[in-house]
Protein chains: 4
Amino acid sequence: MTHHSVCDDCIIGKVTKPSTRAERRKAELRQEIIDTAFVCFAEKGYHATGIADIAGQLGIGHGTFYRYFSNKREIIDHVIDDLAARIIAALGTENAPDAAATLDEYRAQIDRIGVALTEILLTDRRVAQLLLFHATGIDDELTQRLYGLLDTADALTAGYLDHGVEQGYLRADLDTSNTARAVTGMLIGGIVYSLREPDEAAIAGLNQAIRRLLVDGVRKD
Amino acid sequence: MTHHSVCDDCIIGKVTKPSTRAERRKAELRQEIIDTAFVCFAEKGYHATGIADIAGQLGIGHGTFYRYFSNKREIIDHVIDDLAARIIAALGTENAPDAAATLDEYRAQIDRIGVALTEILLTDRRVAQLLLFHATGIDDELTQRLYGLLDTADALTAGYLDHGVEQGYLRADLDTSNTARAVTGMLIGGIVYSLREPDEAAIAGLNQAIRRLLVDGVRKD
Amino acid sequence: MTHHSVCDDCIIGKVTKPSTRAERRKAELRQEIIDTAFVCFAEKGYHATGIADIAGQLGIGHGTFYRYFSNKREIIDHVIDDLAARIIAALGTENAPDAAATLDEYRAQIDRIGVALTEILLTDRRVAQLLLFHATGIDDELTQRLYGLLDTADALTAGYLDHGVEQGYLRADLDTSNTARAVTGMLIGGIVYSLREPDEAAIAGLNQAIRRLLVDGVRKD
Amino acid sequence: MTHHSVCDDCIIGKVTKPSTRAERRKAELRQEIIDTAFVCFAEKGYHATGIADIAGQLGIGHGTFYRYFSNKREIIDHVIDDLAARIIAALGTENAPDAAATLDEYRAQIDRIGVALTEILLTDRRVAQLLLFHATGIDDELTQRLYGLLDTADALTAGYLDHGVEQGYLRADLDTSNTARAVTGMLIGGIVYSLREPDEAAIAGLNQAIRRLLVDGVRKD
DNA sequence: TATGAATGAGAGTTCATTCAT
DNA sequence: TATGAATGAACTCTCATTCAT
């Protein structure tokens with residue numbers, strides 16, 4: 001009854017030939033359902049969204065939904081999976097944690113990550129909308145998965161910090177994992193702020209403050 | 001249809017005489033309903049909680065609920081109001097932003113605030129549980145109110161920072177409002193972490209990292 | 001999850017005062033639902049009957065049904081219970097197995113029982129309709145209960161036979177329990193026949209044949 | 001809308017040439033569908049069995065079903081037809097009603113019939129399972145067909161009795177048709193008993209009692 | 001011809017809300 | 001004033017049937 005053995009036909013490495021046209025169409029529709037569900041959940045919330053809404057939006061009969069997913073509950077897992085994959089893909093491309101060798105390079109790298117994150121989330125704010133507002137509190141299991149995403153983010157950040165410590169441009173006694181958690185908190189805070197405040201200048205200001213806090217701290221000297 | 005003209009008999013300044021005993025009893029029951037709703041919402045979530053659950057828990061008929069509140073929707077407003085008041089009360093008591101005159105005193109103050117916050121949220125984790133997991137995504141209006149709470153927190157934090165800048169122990173060019181937002185993010189991140197991780201030592205570690213980041217920054221020198 | 005602890009407010013011995021009027025009305029409605037369900041199930045069958053049919057027939061909202069029974073499945077148990085009680089009441093009244101002391105009296109008693117049975121089932125053929133046609137094959141558990149009714153009937157008949165053996169007007173080596181089973185079979189066969197053939201004379205003919213078979217056997221001499 | 005013009009390619013007298021191979025294959029599959037439907041209906045009941053179950057069990061697409069039968073409803077007719085044919089075949093082979101010339105031969109014949117019946121129904125209890133539990137109450141029309149089977153059984157039994165009367169070893173004034181109905185009732189009662197009670201000795205006991213009742217009656221002398 | 005993807009009528013069930021008592 | 005019986009809109013899910021491939 002565990003929902004997590006989800007990715008039968010997941011994201012990466014699909015070297016398998018597109019197979020028959022029927023199978024391709026099936027996979028397509030399946031994906032379309034996930035995408036539409038994502039939109040509905042993000043905009044109206046999980047509870048306010050009925051299967052009929054998703055199906056109607058897509059222009060399919062609502063019975064069809066159940067040919068692809070056996071549950072309303074099941075689909076949000078797939079939606080979340082997709083989002084996680086999307087985010088990781090967006091972040092992971094060009095910013096390996098070992099790319100920075102000096103504090104200045106580190107600063108530049110942080111800038112790039114900030115821009116990338118902002119990009120994703122301004123491009124489609126529904127991503128954050130769903131993850132932060134509508135995916136919470138549905139289920140213990142789903143909550144655990146969200147925690148897992150958080151852990152991933154923490155680990156990612158910690159990787160950058162660890163590298164900085166190794167390279168010597170970050171404090172040697174830095175508690176990297178806890179600091180990473182704090183940083184993730186700031187980032188998510190920034191994302192929430194971006195959700196309310198569409199003004200890019202304002203967002204840039206907050207990004208700046210976060211970077212500054214992260215790099216220099218608030219101490220005067 | 002706006003829900004916000006809520007506070008007929010709100011939090012502060014209830015100088016109005018206790019009036020008749022009947023009226024007092026009524027106010028009491030009203031409060032009990034709010035408290036019970038808080039517990040139910042926090043534990044099972046808003047959607048999974050029925051009016052009948054709240055009433056049953058309290059031992060009143062569920063029709064009675066509608067003599068005190070006209071909506072299921074309405075009550076969560078009051079629950080949130082109560083929580084906000086509780087948190088502000090807990091924070092505001094002894095820690096005026098102007099209490100710190102030096103960096104050391106500031107550091108000490110931050111410690112006290114951290115302890116106070118931890119206190120509230122470890123004492124009754126349902127507070128955070130509700131605010132962060134179950135109050136989100138119910139409603140646009142409620143979301144706006146949560147944003148309002150966030151703003152309050154930001155403003156509070158900004159007050160401390162402004163004071164520090166004025167006193168000269170914080171950087172003069174500090175962007176206090178954006179930095180405050182970043183700090184609030186860290187705090188909430190910490191709270192979320194506390195929710196999953198009941199080990200007090202771990203929480204203390206994260207608190208420490210947050211304080212350190214806030215005061216010293218991550219830079220080596 | 002066993003359905004059988006059914007009779008909270010069952011059939012016999014209701015010495016408990018009718019209590020409040022509200023409670024009486026509630027019990028009444030409950031009974032009306034059972035009766036209406038009986039009618040619907042008997043006429044259209046269990047599967048073809050929707051909760052909405054029962055409620056509509058009764059003129060209540062279909063949500064109301066669920067205030068009295070938690071399941072569609074649950075109500076047929078109560079319907080069957082009621083029928084069993086009705087039948088037993090109808091049979092048991094005046095025909096104790098020890099009422100017959102001679103073969104002639106036995107013959108007369110059998111006549112009376114036959115008449116009583118015919119009475120019940122001609123009065124409301126839906127009873128047999130439901131038990132024989134629509135209650136079968138719904139559920140393993142329900143099937144077991146029907147078997148139980150059959151056993152009761154067998155035991156009842158066996159009682160009469162045992163008494164006859166004791167009194168000496170029936171064969172001493174009679175296998176009373178198996179013969180009772182055979183007799184029950186004949187009776188049920190007769191009931192089925194009555195269901196199709198409303199002509200009372202025809203039914204009387206079959207009754208006669210059954211009695212004759214039972215008392216004299218088919219042997220010429 | 002009458003379902004009864006069923007037997008396009010029925011049971012008996014299929015002298016029609018086997019025609020093309022394709023046609024033969026078609027008839028085969030058609031029969032396989034009927035057989036599989038029989039198994040499913042008998043085991044899970046008509047309502048609990050989906051077309052997809054039958055098709056899946058057989059390994060064909062469930063769309064294919066509709067190339068052979070136009071209805072879910074239609075197929076049970078064919079299933080019943082098949083069963084009737086099977087039973088009649090099993091009974092009719094060697095036990096012509098005119099085979100018995102004396103009471104002793106009659107007794108022996110009854111034994112043989114009892115054995116044959118038991119044989120059929122113990123060999124595949126699903127036959128009785130379906131006929132007695134799952135075919136009832138589906139439809140008025142189907143009920144009529146079951147009644148027809150019953151009539152056949154009655155007529156068959158009546159034939160034996162008539163013959164006995166003619167031969168003079170049965171009572172001259174015997175109401176053969178009604179007695180036959182009673183006998184059929186006993187037989188069906190016995191079958192039901194066999195369904196619950198797999199112990200062969202118990203079944204033999206009941207068979208014995210039925211035969212005794214039939215031949216000697218319960219009268220002491 | 002065989003298939004299974006698509007469909008939607010319709011089922012059972014829940015629960016916020018009303019209102020007579 | 002407090003109650004809980006009554007309600008029905010709304011929801012999730014099933015499955016017999018159709019039809020393009």
Side-chain angles (χ1 to χ4, degrees), chain A residues 20-23 25-26 29-30 47-56 58-75, chain B residues 22-23 25-26 29 46-56 58-75, chain C residues 20-23 25-26 28-30 47-56 58-75, chain D residues 22-23 25-26 29 47-56 58-75:
Chain A
T20 70
R21 190 151 56 86
E23 266 169 359
R25 250 205 63 70
K26 187 156 186 175
L29 181 49
R30 187 187 161 85
H47 293 289
T49 299
I51 297 300
D53 293 322
I54 299 172
L58 238 168
I60 63 174
H62 63 276
T64 306
F65 174 90
Y66 288 93
R67 291 187 55 73
Y68 291 84
F69 302 94
S70 51
N71 263 334
K72 183 183 177 185
R73 176 60 183 77
E74 191 189 340
I75 199 176
Chain B
E23 267 171 356
R25 174 79 200 105
K26 182 156 185 173
L29 180 49
Y46 176 76
H47 292 289
T49 299
I51 297 298
D53 292 323
I54 300 172
L58 238 167
I60 63 173
H62 62 275
T64 308
F65 175 90
Y66 288 91
R67 304 206 136 275
Y68 292 84
F69 304 93
S70 54
N71 260 334
K72 182 184 179 183
R73 176 61 184 75
E74 190 190 340
I75 199 174
Chain C
T20 71
R21 188 150 57 85
E23 266 169 357
R25 249 205 63 69
K26 187 156 185 173
E28 265 170 41
L29 181 49
R30 187 185 160 84
H47 292 289
T49 299
I51 297 299
D53 294 322
I54 299 173
L58 238 168
I60 63 174
H62 61 280
T64 306
F65 174 90
Y66 288 92
R67 291 189 53 72
Y68 292 84
F69 303 94
S70 52
N71 262 334
K72 183 184 177 185
R73 177 61 183 76
E74 191 189 340
I75 199 176
Chain D
E23 266 170 358
R25 173 80 199 106
K26 184 157 184 173
L29 180 50
H47 293 288
T49 299
I51 297 299
D53 292 323
I54 300 172
L58 237 166
I60 64 173
H62 61 275
T64 308
F65 174 91
Y66 287 91
R67 303 205 136 274
Y68 292 84
F69 302 93
S70 52
N71 260 334
K72 183 183 177 184
R73 175 61 184 75
E74 190 188 341
I75 199 175

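We name chains A, B, ... by the order of the sequence lines, and we start the count at 1 in each one.
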> Could you state the interatomic distance from CD1 (B/Ile54) to CD1 (B/Ile75), rounded to the nearest 0.5 Å?
Replying inline: 5.0 Å
> Among the nucleotides E/dT17, E/dA6, E/dG12, which one has an atom lying closest to any side-chain atom of C/Lys72?
Replying inline: E/dG12
>> Reading DNA chain F from 5' onward, which residue's closest nucleotide shows up sooner: A/Thr49 or B/Gly61?
In response: B/Gly61
> NA contact type, D/Phe69, heavy-atom cut-off 4.0 Å: base, sugar-phosphate, or nothing?
Replying inline: nothing
> Taking atom P of E/dT3 as reference, at what distance in whole Å does atom CD of A/Glu23 sit?
Replying inline: 16 Å
> Whole Å only: how far is the CZ atom of C/Arg30 from the P atom of F/dA6?
Replying inline: 13 Å
>> Judged by each residue's nearest nucleotide on DNA chain E, which is more toward the 5′ side, B/Gly63 or C/Asp53?
In response: C/Asp53
>> What verdict does the side-chain contact (heavy atoms from CB on, under 4.5 Å) test give for B/Glu74 and B/Tyr68, after you've listed the backbone C-alpha separation in whole Å, the side-chain angles of each residue and the deciding distance to 0.1 Å?
In response: CA-CA 10 Å; B/Glu74 190 190 340; B/Tyr68 292 84; over 6 Å; no
> From F/dG4, E/dT1, F/dT14, pick the nucleotide closest to the side chain of B/His62?
Replying inline: F/dG4
> Base, sugar-phosphate alone, or nothing: which one does A/Arg25 contact when heavy atoms must sit under 4.0 Å apart?
Replying inline: sugar-phosphate
>> At 4.0 Å (heavy atoms only), tell me whether D/Phe65 reaches a base, stays on the sugar-phosphate, or touches nothing.
In response: nothing
> Is there a Watson-Crick or G-U wobble partner for F/dC11 with both distances under 3.5 Å, and which nucleotide is it?
Replying inline: E/dG12
> C/Lys26 and C/Arg67: side-chain contact (heavy atoms from CB on, under 4.5 Å), yes or no, with the steps?
Replying inline: CA-CA 10 Å; C/Lys26 187 156 185 173; C/Arg67 291 189 53 72; 4.2 Å; yes
> What distance do D/Ile51 atom CD1 and D/Asn71 atom CG have between them, rounded to the nearest 0.5 Å?
Replying inline: 8.5 Å
> Between E/dT1 atom P and D/Tyr66 atom OH, what is the distance in whole Å?
Replying inline: 18 Å
> A/His47 NE2 to E/dT14 C1': how many Å, rounded?
Replying inline: 14 Å
> Between F/dT21, E/dG4, E/dG12, which nucleotide gets closest to the side-chain atoms of A/Arg21?
Replying inline: F/dT21
>> I want to verify a distance call: between F/dT3, F/dT12, F/dA6, whose nearest atom is closest to the B/Ile60 side chain?
In response: F/dT3
> From F/dT17, F/dT7, E/dA2, pick the nucleotide closest to the side chain of D/Asn71?
Replying inline: F/dT17
> Once you round it to whole Å, what is the distance between P of F/dT14 and CD1 of D/Ile51?
Replying inline: 17 Å
> What's the CG-P distance between B/Leu58 and F/dG4, to the nearest Å?
Replying inline: 13 Å
> Looking for any heavy atom pair under 4.0 Å, which part of the strands does B/Lys26 touch: base, sugar-phosphate only, or nothing?
Replying inline: nothing
> Between D/Arg73 (CZ) and F/dT17 (C1'), how many Å, whole number?
Replying inline: 17 Å
> If each of B/Gly50 and C/Gly50 is mapped to the nucleotide of DNA chain E with the nearest heavy atom, which maps nearer the 5' terminus, i.e. the 5' end?
Replying inline: C/Gly50
> Which whole-number value in Å describes the distance from D/Ile54 CD1 to F/dC15 C1'?
Replying inline: 13 Å
> To the side chain of D/Thr64, which of E/dA6, E/dA16, E/dT3 is closest?
Replying inline: E/dT3
> Taking all non-hydrogen atoms of both residues, which atom of B/Ala55 and which atom of B/His62 are closest, and how far apart?
Replying inline: CB-CA, 3.5 Å
> For F/dA20, which nucleotide is its Watson-Crick or G-U wobble mate, given both distances must be under 3.5 Å?
Replying inline: E/dT3
>> Both conditions, 6.0 Å and 45 degrees, for the charged tip of D/Lys72 above the ring of D/Phe65: are they met here?
In response: no
> Which comes earlier along DNA chain F counting from the 5' end, the contact point of A/Ala48 or that of C/Tyr68, where each point is its nearest nucleotide?
Replying inline: C/Tyr68
